[in-house]
Structures are given as C-alpha cells and as structure tokens.
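None of these values were measured; they are calculated from a predicted model.
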Amino acid sequence: MILSVRSRAAAVLAVTALLGPVATQAAAQPAAPAKALAAPDIPVSSVKAHLTALQSIATANGGNRAHGRPGYLASVNYLRAKLDAAGFTTSLQTFTASGATGYNLIADWPGGDPNQVLMAGAHLDSTTSGPGINDNGTGSAAVLETALAVSRAQLKPEKHLRFGWWGAEELGLLGSRAYVNSLSTAQRATFAGYLNFDMIGSPNPGYFVYDDDPAIEKTFKDYYAGLGVPTEPDRVGDGRSDHASFKNAGIPVGGLFTGAGERKTAAQAQKWGGTSGQSFDRCYHSSCDTTANVNETALDRNSDALAHAVWTLGAPAAR
C-alpha cells in the first residue's frame with residue numbers, strides 16, 4: 001500500500017515522537033575511544049644492515065667491540081650519527097671501568113610526558129673474544145631500527161620515549177648500573193618501564209619473555225600469541241643483563257631473549273623447531289659470533305615485537 005504525501009508525513013511525525021527519547025539517547029552516546037596506532041613492520045633487512053656495519057667495525061678494530069677498545073667507541077659513533085640525523089637528542093654518559101672510559105649512548109625523542117618515561121635499551125659492547133653480533137648486536141640493532149621507525153612515523157606518544165645502549169655489560173652490567181645510579185629518586189620515579197633486548201637472534205632460537213612486570217610481559221606474550229608462536233618465561237637471563245640494574249632500582253622491566261649457551265630441550269625443539277641438545281647459541285662469547293650467527297626469523301619477529309611494545313606501551317593517540 002502506498003500512502004499519500006500527507007499520510008506519510010503524519011506517520012513520520014508519529015514515529016519520531018514515539019522514538020524521540022531513544023534517538024536522543026543514541027545521539028548522546030560518547031564516541032568510541034581512539035585506538036592506539038599500530039606499530040609498523042620493522043624491516044629485518046634494515047636491522048641486518050646495522051649488524052653488517054657492526055661486523056665491519058669489529059673487523060677493522062681487532063675483531064671485537066669490547067669496552068675500552070676502539071671498536072666499542074666506533075660502534076657508539078655509528079649509532080649516534082643515525083640517531084642525530086633522525087631528530088633525536090643524543091648524549092653520551094661516561095664512566096670508568098677496568099681503567100678505561102666507558103660510554104652509554106642515550107637518545108630522547110622529543111615530546112611525551114616527561115613524568116612517564118618509557119625506555120628501551122640494549123648493551124652495545126662485545127666480549128674481547130669476538131665481534132658480538134648476536135650478543136649483542138642483535139638487540140642493539142633492533143632498538144636502533146625501532147627508534148628510527150619512531151622518527152619516520154613522526155610518532156607523538158603520550159609517554160616520553162627514550163632509548164639507551166649500554167657499555168661494559170660484559171664486565172658486570174657496569175654501564176647500565178652507572179646510568180641508573182646517576183638518576184635521582186625523583187628521576188627514577190618518572191619511569192613507566194624499561195624494556196631490555198639482549199641476544200634476540202640466536203641461531204637455534206627459543207622465544208623467552210621476561211616474567212617481571214605483568215603489563216609489559218602481557219604485551220609481549222599477546223604479540224606472540226597473535227603470531228601463533230608459544231613463549232616461555234626467561235628463567236636463565238634474569239639478573240644477567242641490563243634490566244637488572246633498573247629492576248633493582250624499583251623500575252618496572254620486561255624484555256625478550258632467544259637463549260645463550262644453554263641447550264635446547266626436545267620439548268623446546270618440538271615447539272620452536274631447531275635442534276634439540278644443541279645450544280641456543282653455540283658461538284656465545286666466541287669468535288664465531290659473526291653475522292653468520294643470526295637466525296633471521298627470530299631477529300625479524302623480535303624486532304617487530306620490540307616495536308609493538310614501544311607503540312603499545314607508549315600509548316600514542318590515533319589521529
């Protein structure tokens with residue numbers, strides 16, 4: 001049945017009167033909160049290019065990038081030049097260890113709440129026995145490339161983003177300890193969290209997540225669950241890398257690890273692939289820790305997980 005124009009108008013008025021309060025309530029509903037921006041894919045080719053540069057630095061400087069050796073300062077200068085060009089405010093903190101000057105490289109991204117600092121870091125030094133490409137070129141390169149991704153995106157996070165590369169970790173976490181000890185009580189209280197990345201491309205990798213701060217741990221575990229990759233808590237690395245310096249100061253910490261000299265179990269090999277009974281990294285602290293000593297899949301996954309954590313925990317607002 002087709003209504004006349006007058007009848008249709010009357011019907012519309014009647015329905016509007018009947019549904020008016022409901023329509024008003026619907027219109028008054030607040031808009032859904034903006035979702036956090038998704039992190040970009042971190043190109044593993046770019047991370048590997050940094051590893052190639054660190055390998056070249058080691059080769060040109062006695063085969064290593066150890067504290068107090070020229071290869072370490074050359075590594076610092078390589079990273080700093082990249083960060084300065086990308087718009088970061090960089091600084092070098094010096095300390096003394098074993099009679100030599102050590103260096104921590106700190107890079108701050110402009111903006112964000114200075115009372116909510118989210119920091120990601122990695123140790124940059126190797127042992128004297130080799131170039132230290134998995135330990136810890138992988139963590140250093142992934143943190144660097146994530147920082148450069150922040151610049152490319154011109155990210156405007158709610159939290160203040162800071163990145164750090166530590167010296168003399170191999171001598172007992174000395175660089176990160178010097179940094180944390182230099183912070184006042186008030187400065188320590190501004191930290192929302194510290195994320196640590198030490199050996200994230202082991203050639204026979206496991207996928208270990210630090211089980212310290214629950215919110216940070218969940219961020220990484222959720223990311224890997226989305227990939228369908230199971231994880232395990234990091235029981236071995238706890239206290240053996242730079243996050244311990246922050247944790248001991250009461251700062252929330254988290255991070256990723258793919259294993260060192262420990263052997264992969266049969267259950268882990270079934271879960272992750274690789275070779276059971278073999279070390280996660282057979283070249284741990286050895287001269288063969290070169291660019292050939294890196295699992296590209298693990299490096300790619302962990303680099304993306306790193307960026308995901310920075311974007312998610314930094315809580316950037318979508319625009």
Side-chain angles (χ1 to χ4, degrees), residues 45-85 90-107 121-145 147 163-179 196-204 237 240-242 245 257-261 279-296 299:
S45 59
S46 298
V47 181
K48 290 173 64 180
H50 300 314
L51 296 182
T52 299
L54 293 176
Q55 175 73 65
S56 296
I57 288 170
T59 301
N61 290 280
N64 66 71
R65 301 179 302 99
H67 165 77
R69 306 294 180 91
Y72 180 74
L73 187 55
S75 300
V76 169
N77 291 337
Y78 169 80
L79 268 67
R80 190 176 193 182
K82 298 283 187 185
L83 294 159
D84 285 343
T90 63
S91 60
L92 284 185
Q93 180 190 38
T94 61
F95 58 93
T96 301
S98 300
T101 300
Y103 301 90
N104 293 326
L105 172 61
I106 310 298
H123 78 85
L124 185 55
D125 63 315
S126 72
T127 63
T128 57
S129 60
I133 297 304
N134 183 42
D135 183 17
N136 182 38
T138 54
S140 294
V143 172
L144 172 61
E145 193 56 33
F163 299 88
W165 292 265
W166 313 117
E169 187 270 356
E170 298 292 5
L171 300 183
L173 319 183
L174 300 185
S176 58
R177 189 178 304 163
Y179 174 76
N196 194 62
F197 303 91
D198 191 351
M199 301 181 67
I200 59 171
S202 299
N204 188 29
R240 286 175 48 183
S241 192
D242 294 294
S245 299
F257 177 54
T258 51
S279 298
F280 294 102
D281 182 356
R282 290 185 296 173
C283 291
Y284 178 60
H285 286 183
S286 299
S287 60
C288 59
D289 187 10
T290 65
T291 50
N293 189 49
V294 173
N295 182 285
E296 183 173 319
L299 181 64

Visitor: Where the side chain of S129 meets the backbone of H285, is there a donor-acceptor pair that is under 3.5 Å apart?
Guide: yes
Visitor: Once you round to the nearest 0.5 Å, how far does NE2 of H67 lie from CD of E170?
Guide: 12.0 Å
Visitor: Measure the shortest side-chain to side-chain distance between L83 and L105 over non-hydrogen atoms and say whether it is less than 4.5 angstrom.
Guide: yes
Visitor: Give me the atom names and distance for the closest heavy-atom approach of S241 to D198.
Guide: OG-OD2, 2.7 Å
Visitor: Between R177 and G172 (side chain of the first, backbone of the second, donor and acceptor by atom type, cut-off under 3.5 Å), is there such a pair?
Guide: yes
Visitor: I'd like to check the ring pair (Phe, Tyr, Trp, His ring centres under 6.0 Å) partners of Y72; sequence neighbours left out, ordered by chain and number.
Guide: none
Visitor: What heavy-atom pair brings T258 and G201 nearest, and what distance separates the two atoms?
Guide: OG1-N, 3.3 Å
Visitor: Identify all side-chain donor-acceptor contacts of residues 93-100 below 3.5 Å with residues at least two apart in sequence or on another chain.
Guide:
{"from": "Q93", "atom 1": "OE1", "to": "N104", "atom 2": "ND2", "distance (Å)": "2.8"}
{"from": "Q93", "atom 1": "NE2", "to": "S182", "atom 2": "OG", "distance (Å)": "3.2"}

Visitor: Output all residues satisfying salt bridge (charged side-chain N to carboxylate O under 4.0 Å, His left out) with E145, sequence neighbours left out; order by chain, then residue number.
Guide: R152
Visitor: Which heavy atom of A122 sits nearest to which heavy atom of S140, and what is that distance?
Guide: CB-N, 3.6 Å
Visitor: Checking the side chain of R65 only, and the main-chain atoms of I57 only, is there a donor and an acceptor separated by less than 3.5 Å?
Guide: no
Visitor: Which residues pass the side-chain hydrogen bond (donor to acceptor under 3.5 Å, both in side chains) test with S176, sequence neighbours left out?
Guide: D242, S245
Visitor: Mind checking what makes salt bridge (charged side-chain N to carboxylate O under 4.0 Å, His left out) contact with K48, not counting sequence neighbours?
Guide: E296
Visitor: Taking all heavy atoms of N61 and all of P70, pick out the closest pair and write down the distance.
Guide: OD1-CB, 3.5 Å
Visitor: Distance from C283 atom SG to D289 atom CG, nearest 0.5 Å?
Guide: 6.5 Å
Visitor: Applying side-chain hydrogen bond (donor to acceptor under 3.5 Å, both in side chains), name anything that partners Y78, two or more places apart in sequence or on another chain.
Guide: H50
Visitor: Could I get the full list of side chain to side chain contact (heavy atoms under 4.5 Å, CB included) partners for T138, not counting sequence neighbours?
Guide: L51, N134, N136, I200, V294, L299
Visitor: Rounded to the nearest 0.5 Å, what's the gap from OG1 on T101 to CG on L92? Could you check?
Guide: 11.5 Å
Visitor: D84: what forms a side chain to side chain contact (heavy atoms under 4.5 Å, CB included) with it, not counting sequence neighbours?
Guide: R80, T90
Visitor: Taking side chain to side chain contact (heavy atoms under 4.5 Å, CB included) as the test, write out the residues that go with A66, two or more places apart.
Guide: N64, R69, S126, T128
Visitor: Go through the structure and list residues passing side chain to side chain contact (heavy atoms under 4.5 Å, CB included) with A260, not counting sequence neighbours.
Guide: M199, R240, F257, E262, Y284
Visitor: T59: what forms a side-chain hydrogen bond (donor to acceptor under 3.5 Å, both in side chains) with it, not counting sequence neighbours?
Guide: Q55
Visitor: Quick one, N295 and N204 - any side-chain contact, counting heavy atoms below 4.5 Å?
Guide: no
Visitor: If you apply the rule side chain to side chain contact (heavy atoms under 4.5 Å, CB included), what do you find for N293 with R282, and how did you get there?
Guide: CA-CA 9 Å; N293 189 49; R282 290 185 296 173; 6.0 Å; no
Visitor: Which heavy-atom pair separates V47 from A142 by the least distance, and what is that distance?
Guide: CG1-N, 4.0 Å
Visitor: Looking at side-chain heavy atoms only, is the closest gap between W165 and L144 below 4.5 Å?
Guide: yes
Visitor: If the condition is ring pair (Phe, Tyr, Trp, His ring centres under 6.0 Å), which residues does Y179 pass it with, not counting sequence neighbours?
Guide: W166
Visitor: Among side-chain atoms of D135 and H123, is any donor-acceptor pair under 3.5 angstrom?
Guide: yes
Visitor: To check you understand the geometry: which heavy-atom pair defines the closest contact between P131 and S287, and what is its length?
Guide: CD-O, 3.7 Å
